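First up is the structure itself, then whatever we jot down about it.
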Amino acid sequence: MSDTPNQISGDFPKALRDEFAPDFSTRAPDDLETYGRDWTRVYPAQPSLIAFPRTTDEVARLLRLCSKHSVAVVPSGGRTGLAGGAVASNGEVVISLDRMNRMGPVDTLAQTVRVQAGAITEAVHRHCETSGLTWPVDFASKGSSQVGGNIATNAGGVKVIKYGSTRQWVLGLEVVTMDGTILELNGALEKNNTGADLKQLFIGSEGTLGVITEATLKLTRVPGDLDVFFFALSDMGAVLRLFLEARRAPFTLMAFETMSANCLEQSARHFGLKKPLETDAQAYVLMEVERPVSSNAGELLEQWLTDLFEKELVLDGTKAQSPREARELWMLREGVAEALYQKAFLHKNDIAVPVSELEPFVREMDALFRERHSDFEVAVWGHIGDGNLHINTLKPDAVSKVEFMKRCHEADQALFEIVRSHHGSVSAEHGIGLLKKDALHFTRTADELRYLRLLKSAFDPKGLLNPGKIFD
Ligand SMILES: Cc1cc2nc3c(=O)[nH]c(=O)nc-3n(C[C@H](O)[C@H](O)[C@H](O)COP(=O)(O)OP(=O)(O)OC[C@H]3O[C@@H](n4cnc5c(N)ncnc54)[C@H](O)[C@@H]3O)c2cc1C
């Protein structure tokens, strides 16, 4: 047995060669660099080896071998994670699900599909679309993220307001635990009241309890005609009043996204798009609705819009007149994350509070930055219906990176106190990974953490699976 659990040494390399074909794994420097990091881009990539299993059996055999030789393993999906969950910085073996991307036939009666965990999110959408169905897990990184990663992070996204998060759209899981046990959890059952639902433990556990190898996904019908609106509003209070009005409206709300003026400015500049509204405002909202199926749907929508202006709920607004305009509006919103990266070095937060707490939360957050960090530019966007805000702090040119990170850490402590006082979460959808470990106690009590640790040691007593993620 190796003395250094995070390094491959001793008999392990030979055992791996004996067990698997030569193309099963790679130690090529480019691959180590690529597969050792995720989108957070702040941690060094230092894995020892990248393995590419094709089947669940290969995953089980690999984990059994790693367990026997005390080698740490990092499960890796599309590496679009924003919390460092898939990062391998300590000589771990990365287990990439890239080759496990097969998708079974769509069951149109049950509205389900069984896929391997490495299937790309958008490929699943396309696969199901031909049957008039979709897996409604949707966000900007869907072209690279994988089903296994989505499930391991219980991903949110732009349609949570309508569909809920990933957890709601998983019927069954096949999972391999660190000792090589293959668990088949819940199959394709809609109903199964036979005790605790083990599958739920793996959803959102960020690869710390087991490797997800297959999933039975629950599907829903592809939505009908969609309309996309863009509004300018005076402040967060106005955004929430519009949200209330939209919830009462005669249509189905599919998305209700907000962004601050500097997010819109930067996104428009980055993608070379015209700003959709001339009116200067503090906040903007992108709203997508599914048109009601009725002969007077258009009139109902027009009337609703007229009322908004009469009640002075919005400063300005527009509706996409073509699919292209709708796509551009979405690009302005979904491109914010990428566009901000081009503007400055960023510090990111992804918090949630109950929707009814958003207005006071934003007031207190604004005061914090105004009073203590007035030289920081803060860019905020988020998913209002979920009480989820992405708070980005941009490094001023005059401040060094080291000084900036030190001050961001101070600001975070104050920010997370505000989050806690509003009964919120320090990570709404990106997870904890490496990035938010120090902040976990703002949201989880000591008792909760004690049970989470017990759970971890039940599934992974040697602490070899994604070590150091969520907690040490
Ligand atoms: C531009 C952009 C926009 C984004 N927008 C959103 C958004 O709106 N909402 C949102 O929730 N997220 C968003 N994200 C974050 C990210 O895309 C999601 O967290 C996504 O679900 C991660 O999937 P992945 O396959 O890339 O996982 P990875 O980054 O590869 O891994 C994420 C975590 O899951 C674990 N993991 C991966 N695969 C498995 C597996 N098969 N079994 C067990 N554990 C596994 C990893 O170890 C890691 O802890 C965004 C990211 C980017 C870059």
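Treat the numbers as computed from the prediction; the structure is a model and nothing was measured. Both ligands and their constituent atoms are indexed starting at 1 by order of listing.
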Return the minimal non-hydrogen interatomic distance between Gly433 and Glu206, and the atom names on each side. N-OE1, 2.7 Å

Counting from 1, what ligand 1 atoms have a heavy atom of Asn466 closer than 4.0 Å? 47 (O), 49 (O)

As an exercise, identify every atom of ligand 1 less than 4.0 angstrom from a heavy atom of Leu97. 41 (N)

For atom 1 (C) of ligand 1, what's the nearest protein heavy atom and its distance? Ala140 CB, 4.1 Å

Return the orientation label for the Phe202 and Phe459 ring planes: parallel under 30°, perpendicular over 60°, tilted otherwise. perpendicular

Is the CG atom of Asp23 crowded by more than 12 outside heavy atoms at less than 6.0 Å? yes

What side-chain donor-acceptor pairs closer than 3.5 Å can you find for residues 269-277, not counting sequence neighbours?
| unit_1 | atom_1 | unit_2 | atom_2 | d |
| --- | --- | --- | --- | --- |
| Arg269 | NH1 | Gln266 | OE1 | 3.1 |
| His270 | NE2 | Glu338 | OE2 | 3.0 |
| Lys275 | NZ | Glu265 | OE1 | 3.2 |

My understanding is that we take every heavy atom of each candidate and find the minimum distance to atom 15 (C) of ligand 1. Doing that for Val158, Val94, Thr80, Val137, which one comes out nearest? Thr80

Considering both backbone and side-chain atoms of Ala337, is one of its nitrogen or oxygen atoms within less than 3.5 Å of a nitrogen or oxygen in ligand 1? no

Assign the ring pair Phe376 / Phe369 to parallel, tilted or perpendicular, where the plane angle (0 to 90°) is split at 30° and 60°. tilted

Can you say whether the rings of Phe229 and Phe231 are parallel (under 30°), tilted (30 to 60°) or perpendicular (over 60°)? parallel

Trp39 to ligand 1: N or O pair under 3.5 Å? no

Any atoms of ligand 1 less than 4.0 Å from a non-hydrogen atom of Gly81? List them with their elements. 26 (O), 29 (O)

Numbering the atoms of ligand 1 from 1, which are under 4.0 Å from a heavy atom of Pro75? 43 (C), 44 (N), 45 (C), 46 (C), 47 (O)

Contact between Ala83 and ligand 1, counting heavy atoms under 4.0 Å? no

Which atom names give the shortest non-hydrogen contact between Ala326 and Val228, and what distance separates them? CB-CG2, 3.9 Å

How far is atom 24 (P) of ligand 1 from the closest protein heavy atom, and which atom is that? Gly78 N, 3.4 Å

Under a 3.5 Å cutoff, is there a donor and acceptor pairing between the side chains of His390 and Glu429? yes

Give the residue and atom name of whichever protein heavy atom lies nearest to atom 31 (O) of ligand 1, and the separation in Å to one decimal. Ala86 CB, 3.8 Å

I'd like to know whether Asp225 forms a side chain to side chain contact (heavy atoms under 4.5 Å, CB included) with Glu290, so could you lay out the CA-CA distance, the side-chain angles of the two residues, the decisive distance to 0.1 Å, and finally the verdict. CA-CA 6 Å; Asp225 290 337; Glu290 184 182 18; over 6 Å; no

Using a strict cut-off of 4.0 Å, indicate which atoms of ligand 1 neighbour a heavy atom of Arg79. 24 (P), 26 (O), 28 (P), 29 (O), 30 (O)

Please determine if Ser141 has a nitrogen or oxygen closer than 3.5 Å to a nitrogen or oxygen of ligand 1. yes

Of Gly85, Ser76, Gly335, the one whose closest heavy atom lies nearest atom 48 (C) of ligand 1 is Gly85

Donor-acceptor contact below 3.5 Å, side chain Thr258 vs main chain Tyr284: yes

Does Gly77, backbone or side chain, put an N or O under 3.5 Å from an N or O of ligand 1? yes

So is Lys469 touching ligand 1 or not, going by heavy atoms under 4.0 Å? no

From atom 41 (N) of ligand 1, work out which of Ile212, Leu173, Asn150 has a heavy atom at the shortest distance. Ile212

Among the heavy atoms of Gly433, does any lie under 4.0 Å from an atom of ligand 1? no

Contact atoms of ligand 1, heavy-atom distance to Gly157 under 4.0 Å: 7 (C), 8 (O), 9 (N)

What protein heavy atom lies closest to atom 27 (O) of ligand 1? Include the residue and the distance to one decimal. Gly149 CA, 3.5 Å

Looking just at side-chain N and O atoms, do Glu174 and Thr56 make a donor-acceptor pair shorter than 3.5 Å? yes

Nearest neighbour of atom 39 (C) of ligand 1 from the list Ser145, Ser165, Gly148, on a heavy-atom basis: Gly148

Which residue supplies the protein heavy atom nearest to atom 12 (N) of ligand 1, what is that atom called, and how far is it? His430 CD2, 3.7 Å

Just need the protein heavy atom nearest to atom 11 (O) of ligand 1, so name the residue and atom and give the distance. Gly156 N, 2.8 Å

Here's one to test your reading of the geometry: is the NZ or CZ of Arg453 within 45 degrees of the ring axis of Phe471 and under 6.0 Å from its centre? yes

Compare every heavy atom of Thr121 with every heavy atom of Val137, then report the nearest pair and how far apart it is. O-CG2, 3.6 Å

Short list, please: which atoms of ligand 1 are under 4.0 Å from a heavy atom of Ala152? 34 (O), 35 (C), 36 (N), 44 (N), 45 (C)

Around atom 5 (N) of ligand 1, find the nearest protein heavy atom and jot down its residue, atom name and distance. Phe139 CB, 3.8 Å

Just checking, is any N or O donor in the side chain of Asp98 or Gln146 under 3.5 Å from an acceptor N or O on the other one? yes

Heavy atom of the protein closest to atom 19 (O) of ligand 1 (residue, atom name, distance): Thr153 OG1, 3.5 Å

What donor-acceptor contacts under 3.5 angstrom involve side-chain atoms of residues 76-89, with partners at least two apart or in another chain?
| unit_1 | atom_1 | unit_2 | atom_2 | d |
| --- | --- | --- | --- | --- |
| Arg79 | NE | Thr34 | O | 3.2 |
| Ser89 | OG | Pro44 | O | 2.5 |

Contact atoms of ligand 1, heavy-atom distance to Ala155 under 4.0 Å: 11 (O), 21 (O)

Trp169 ring centre to Arg167 NZ or CZ under 6.0 Å, with the angle to the axis within 45°? no

Non-hydrogen atoms of Val211 versus ligand 1: any pair closer than 4.0 Å? yes

Are any of the N/O atoms in Asp38 less than 3.5 Å from those in ligand 1? no

Going by distance alone, is a donor N or O of one side chain under 3.5 Å from an acceptor N or O of the other, for Lys142 and Asn150? no

